Amino acid sequence: MSPIDEIQSLLASNQLRHLTPTRLGQAVVRDVFVNDDVFNLLDENGTLESRFERVAGRARSKIDAFISGSTVTFALDPHEKNRTSFLARNAPIAMGIVDVRITDPKPMIRIFGGFAAKNALVLLSWAPRDGLEFQKEVIQCRAKWNKLFNNKAPLIGTTHDEYLSGNFDIG
Amino acid sequence: MMSTSQGISILAEPQGTAQISQRSLGYVAEAARDAMFDVVVRACIESGVSKATLAKRLKKDPAQVSRLLGAPGNWTIDTCAELLFAIDGSMLSVDRFWPMQEAKSNMRSPACFADYSSSSATWSEIPAHIIVNTSVYAPAVAAGSSVTEVEKWKY
């Protein structure tokens with residue numbers, strides 16, 4: 001099965017959900033698919049510790065903007081990136097895991113996942129930035145990915161254009 | 001059947017004295033901050049003014065201007081207004097809209113299902129030397145164990 005076929009199958013079995021922008025007037029230009037954990041973070045009816053409610057709303061706003069094709073900053077180098085990048089690859093790059101970075105104001109969080117194909121981001125876990133152990137999160141996210149996609153690797157590109165079309169800043 | 005999020009309620013109009021959720025407040029605040037940021041960044045690009053020039057006009061450290069123009073972060077309305085004026089002499093104009101009254105876009109289904117380049121994508125080959133061990137603090141592999149080792153990544 002192609003990555004897109006796999007995603008269709010996962011949507012049909014409710015293992016993934018497709019996020020649509022909260023504003024009805026916004027179109028889907030880039031796809032974001034989430035599992036229940038991330039959906040719980042991003043959805044109005046999700047259950048969260050109260051200290052994360054506001055940042056969850058902020059995260060949803062930024063992800064909606066990403067979905068509707070806004071300009072985003074995407075860092076390919078895990079070790080040299082703009083601290084304000086919206087999206088960044090994690091080390092080791094060969095794992096294929098990226099994170100969505102919700103930064104200042106605090107609390108900050110990171111949402112981890114991978115690209116199944118160009119413009120098709122799958123988000124599978126999240127954690128508060130405070131005390132985050134990146135290596136552990138990357139490995140755990142990749143394990144979730146492997147289980148969902150039968151050990152097939154996320155997209156690992158060499159240029160930004162291989163991950164995203166449209167507007168992006170190199171960061 | 002495709003599973004999609006509803007996501008309508010986070011922007012539902014406030015009713016009576018019911019408390020608005022922190023999610024909703026976080027959402028609208030972030031959207032406003034990003035909208036202000038977009039206006040400023042676009043003005044910056046269109047005017048061609050350099051960060052160094054902006055720094056001098058605002059009597060700020062160039063590194064501080066760089067940080068401000070990197071992301072809206074902790075921007076205040078003062079920040080936005082001052083940057084905009086320093087860029088090209090313009091002032092911020094504010095308006096409002098009701099998101100739930102917007103006409104619904106026709107393009108709400110997964111774009112990748114319609115896009116040829118995505119639909120024809122194939123899975124990457126996992127390089128033979130890369131094997132994922134889901135145990136973070138894996139002990140040394142015992143003889144006869146079925147656990148595979150994490151090898152050194154190369155990229």
Side-chain angles (χ1 to χ4, degrees), chain A residues 2-4 7-8 11-12 14 16-31 39 42-45 50 53-58 60-62 65 70 82-84 92-96 103-105 116-120 135-136 139-140 142-143 146 151-156, chain B residues 1-12 21-31 34 38 41 67 70-71 73-74 99-113 115 117-127 130 132-137 150 152-155:
Chain A
S2 74
I4 305 307
I7 287 175
Q8 283 183 311
L11 287 174
N14 292 324
L16 284 180
R17 300 178 194 233
H18 179 240
L19 280 190
T20 50
T22 308
R23 281 176 53 188
L24 299 177
Q26 288 183 319
V28 172
V29 175
R30 304 181 184 115
D31 291 309
F39 185 72
L42 297 175
D43 187 68
E44 169 68 21
N45 296 312
S50 59
E53 285 280 340
R54 192 172 178 100
V55 70
R58 292 182 49 228
R60 186 60 191 264
S61 175
K62 294 192 93 70
S70 70
N82 189 322
R83 63 180 294 276
T84 59
I93 290 175
M95 281 272 212
T103 56
D104 290 319
K118 184 170 177 175
N119 292 326
Q135 184 185 18
K136 184 178 174 183
I139 290 176
Q140 287 181 348
R142 181 57 195 262
N146 285 352
N151 293 320
K152 299 191 185 72
L155 174 65
I156 300 171
Chain B
M1 181 180 296
M2 192 184 312
S3 175
T4 61
S5 63
Q6 295 300 314
I8 295 174
S9 63
I10 200 170
L11 293 180
S21 73
Q22 285 297 310
R23 281 179 191 268
S24 297
L25 296 177
Y27 189 104
V28 299
E30 187 68 41
D34 284 344
D38 277 348
V41 168
R67 272 197 305 276
N74 286 316
M100 303 316 295
Q101 293 177 19
E102 289 180 309
K104 189 174 178 181
S105 167
N106 289 331
M107 295 167 56
R108 305 274 291 178
S109 297
C112 62
F113 294 166
D115 176 49
S117 61
S118 291
S119 63
S120 62
T122 55
W123 289 108
S124 308
E125 288 289 325
I126 301 179
I130 292 175
V132 179
N133 185 343
T134 59
S135 170
V136 177
Y137 303 109
V150 174
K152 186 173 178 182
W153 304 107
K154 295 176 190 171
Y155 55 86

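Keep in mind it's a predicted model, so treat the numbers as computed, not measured. Sequence lines set the chain letters: A, B, ... in the order given, protein chains first and strands last, and positions in each chain run from 1.
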How long is the straight-line distance from CZ of R58(A) back to CG of L25(B), given to the nearest 0.5 Å? 13.0 Å

Using heavy-atom distances under 4.5 Å, tell me whether V29(A) contacts chain B through its side chain, its backbone, both, or neither. backbone

From the list E53(A), K62(A), Q26(A), the residue making the most non-hydrogen contacts under 4.5 Å with chain B is E53(A)

Say you draw a straight line from CG of N119(A) to SG of C112(B); how long is it, rounded to the nearest 0.5 Å? 9.0 Å

Let's go through L19(A) and D43(A) carefully: what are the C-alpha distance in whole Å and the side-chain angles of both, what is the deciding distance for side chain to side chain contact (heavy atoms under 4.5 Å, CB included) to 0.1 Å, and is it a yes or a no? CA-CA 9 Å; L19(A) 280 190; D43(A) 187 68; over 6 Å; no

Taking atom NZ of K152(A) and atom OG of S2(A), what is their separation to the nearest 0.5 Å? 10.0 Å

Quick one: of Q22(B), R67(B), E102(B), R23(B), who has the most non-hydrogen atom pairs under 4.5 Å with chain A? R23(B)

For A103(B), which atoms come within 4.5 Å of any heavy atom of chain A: side chain, backbone, both, or neither? backbone

